[in-house]
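Input: a single structure, listed below in structure tokens.
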Amino acid sequence: MLIKKSGLKIGIVDPSEKHYYQPAWTPVGAGIFDIKKTIRNEKDLIPKNTTWIKDAVSAFDPTTNTVKCISGTEITYDYLVVCPGIQLDWKKIEGLKETLGKNNVSSNYSFQYAPYTWEMIKDFKGGTAVFTNPSTPIKCGGAPHKIMYLACDYWRKKGILDKCDVHYISGASMIFGVKEYADTLQKVLTKYNIHTHYGANVTAINGETKMIEFETKELDDNLTQKLSSENGASYETVENNSTLDLKKLILKFDIAFLVHAQLAPDFIKTSPLRNDANPMGYVEVDKYTLQHSRFPNVFSLGYSSSAPANKTGAAIRKKAPVVVANLLAVMENKTPTARYEGYSACPIPKQYGKLMLAEFDYSNNQTMTLPINQANPNWAFWILKTKVLAWLDWNKILKGTA
């Protein structure tokens, strides 16, 4: 590990016994990665010369520089770095928690359920397959459609894709926010004949009756055609919500891959550190310096920061050196000058063996690392995703040397 300043007393508050390499859960769901290889003991990853406080935070008091833990322990600090990750709010979709891992309903956002995704894909013999993406920001924003492309490619190779009615229900307004990468993915959607429904948000699911309910302001062309076709019985229109001007629809499915709402942890949403202007309750920071807007001895990075970057591990890797540099500057009574420009990266497979590496910044401009067009999926990026990145995470990124 690189030492920037020796002699610091560093405490790490984390209750977890295990550490998970979550980016591999999509490959697990696609049958190409062993779930057991995504887990390590937390104690083996704690840096030397730090104090591991094996507890969970319950509250912050930045006016007294105090962190309170669930155990009742209170910890004082001179400087605070907040990076607890994001909260998976399974309950935002009614019935989801009760049916996950059975009834052909799964999610790759769970160590427990990712292997079930692969069972569903390989055993599928045709019918309606639904993939969803919520309207809230989520970690690894490409994950909801990554598994969809791999599933479709598997079904194509199996010779049953023409028997699959594939739907992507997304709270976003488009498939990807960067035009160059969106153009590539649009071709993939067309290739697999995937029906996209944007501006839609899933509200409920019933695994036993195989029905999924979602809200949308407008019926897109794909749904309009379905509702008026011979197969219209697959859909049911529910009463309008006149207050929000939303239409509720029920879609019958055979298999469903759901992604639920993700929010800041409750102990941040209810704390003085939160950004009151942000409904997600993230920690309020300057998006360039990552310093808290009101408490200068507090910094935040990762998924619970209000910095409007995509919530990816690649983004955190670029944020960490900025936080270190600016924190050290504050310790020396200097003005923070290091800047994070919103870099993020998202490796998205087109099919088994070919992957697109999207890199971009706050302005959704491409920030490609290599002197090639990374919007063109290729085999080398596939090897990077499936063979290299996990090793880098365990051996370099977690140690701060990559």
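The line from CG of Leu8 to OG1 of Thr50 is 11.5 Å long, rounded to the nearest 0.5 Å. With rounding to the nearest 0.5 angstrom, the CG atom of Leu263 is 5.0 Å from the NZ atom of Lys269. Remark: Ile175 CD1 to Ile194 CD1 distance equals 7.5 Å, nearest 0.5 Å. Between atom OG1 of residue Thr38 and atom CD of residue Gln22 there is a gap of 8.5 Å, rounded to the nearest 0.5 Å. Between Tyr362 atom OH and Tyr288 atom OH the span is 7.5 Å, to the nearest 0.5 Å. Put simply, CD1 on Ile138 and CG on Asn310 are 9.5 Å apart, with the number rounded to the nearest 0.5 Å.
When all heavy atoms of Ala30 and Leu150 are compared, the pair lying nearest together is CB-CD1, 3.6 Å. Shown here for Tyr352 and Trp382, the closest heavy-atom pair between the two residues is CA-CH2, 3.8 Å. What you find for Pro265 and Gly85 is that their closest heavy atoms are CD-O, 3.6 Å. Nearest approach of Phe60 to Val67, heavy atoms of both residues: CD2-CG2, 3.9 Å. For the pair Gln262 and Met280, the tightest heavy-atom approach, listed with the atom from each and the gap, is O-SD, 4.4 Å. Nearest heavy-atom pair, Gly101 versus Tyr113, reported as atom, atom and distance to 0.1 Å: CA-CD2, 3.6 Å.
At distances below 3.5 Å, at least one donor-acceptor pair connects side-chain atoms of Asn326 with backbone N or O atoms of Ala338. The backbone N or O of Gly177 sits less than 3.5 Å from a side-chain atom of Asn364, completing a donor-acceptor pair. Proximity of a side-chain donor or acceptor of Thr26 to a complementary backbone N or O of Ile147 within less than 3.5 Å is not detected. Side-chain N or O atoms of Gln291 include one that pairs as donor or acceptor with a backbone N or O of Pro296 at under 3.5 Å. Side chain of Thr401 to main chain of Lys396: a donor-acceptor pair is present (N/O by atom type, distance under 3.5 Å, no hydrogens or angles). For the pair Ser58 (side chain) and Lys68 (backbone), a donor-acceptor distance under 3.5 Å is present. Side-chain atoms of Trp52 come within 3.5 Å of backbone N or O of Asp14 as a donor-acceptor pair. The closest donor-acceptor contact from the side chain of Arg294 to the backbone of Glu284 lies at 3.5 Å or more, if one exists at all. Using a distance-only test at 3.5 Å, with no hydrogens or angles considered, no donor-acceptor pair links the side chain of Asp254 to the main chain of Ala129. The backbone N or O of Gly207 sits less than 3.5 Å from a side-chain atom of Lys210, completing a donor-acceptor pair.
Asp361 and Thr367 are not linked by any side-chain donor-acceptor pair at a separation below 3.5 angstrom, with hydrogens and angles left out of the test. Ser71 and Asp55 share a donor-acceptor pair across their side chains, judged by distance under 3.5 Å alone. Of the N and O atoms on the side chains of Asn41 and Lys18, at least one donor lies less than 3.5 Å from an acceptor on the other residue. Looking at Lys191 and Gln351, their side chains do bring a donor and an acceptor atom within 3.5 Å of each other.
Crowding of Lys158 atom NZ: a count of heavy atoms from other residues, nucleotides or ligands under 6.0 Å exceeding 12. Remark: Glu98 CD is packed, more than 12 non-hydrogen atoms of other residues, nucleotides or ligands lying under 6.0 Å away. Atom CD of Glu94 is surrounded by 12 or fewer heavy atoms from other residues, nucleotides or ligands within 6.0 Å. The 12-atom threshold is exceeded at NZ of Lys122, counting heavy atoms of other residues, nucleotides or ligands nearer than 6.0 Å. No more than 12 heavy-atom neighbours from other residues, nucleotides or ligands sit within 6.0 angstrom of NZ on Lys163. Atom CG of Asn373 sits in a crowded spot, with more than 12 heavy atoms from other residues, nucleotides or ligands closer than 6.0 Å.
Under the 4.0 Å criterion applied to side-chain N and carboxylate O atoms, Lys187 and Asp183 are not assigned as salt-bridge partners.
Taking the six-membered ring for Trp and thresholds of 30 and 60 degrees, Tyr149 and His145 have ring planes more than 60 degrees apart, a perpendicular arrangement. By the 30° and 60° cut-offs, the orientation of the rings of Phe131 relative to Trp155 is tilted. Below 30°, between 30° and 60°, or above 60°: for Phe111 and Tyr20 the angle between ring planes is between 30° and 60°, a tilted geometry. Ring geometry for Phe360 against Phe176 counts as perpendicular: the plane angle is over 60°, on a 0 to 90° scale with 30° as the lower cut. By the 30° and 60° cut-offs, the orientation of the rings of Trp394 relative to Tyr21 is tilted.
For the pair Lys5 and Tyr79, the NZ or CZ position fails the cation-pi test of under 6.0 Å to the six-membered ring centre and within 45 degrees of the ring normal.
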I'd like a table of donor-acceptor pairs (distance under 3.5 Å, sequence neighbours excluded) in which one partner is a side-chain atom from residues 342-350, with atom names and distances.
from   : atom 1 : to     : atom 2 : distance (Å)
Tyr343 : OH     : Glu359 : OE2    : 2.4
Ser344 : OG     : Thr312 : OG1    : 2.7

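Among Asn201, Val259, Asn133, Leu251, the single residue meeting the side-chain contact (heavy atoms from CB on, under 4.5 Å) criterion with Ile169 is Leu251. The one candidate from Asn104, Asp123, Val130 that meets the side-chain contact (heavy atoms from CB on, under 4.5 Å) condition with Ile255 is Asn104.
Between Tyr109 and Trp90, the ring centre distance reaches or exceeds 6.0 Å.
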Quiz item: What's the verdict on side-chain contact (heavy atoms from CB on, under 4.5 Å) for Tyr168 and Tyr198, showing C-alpha distance, side-chain angles and the deciding distance?
Solution: CA-CA 8 Å; Tyr168 180 57; Tyr198 298 121; 4.2 Å; yes
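For Lys334, the side-chain hydrogen bond (donor to acceptor under 3.5 Å, both in side chains) partners are Glu332, not counting sequence neighbours.
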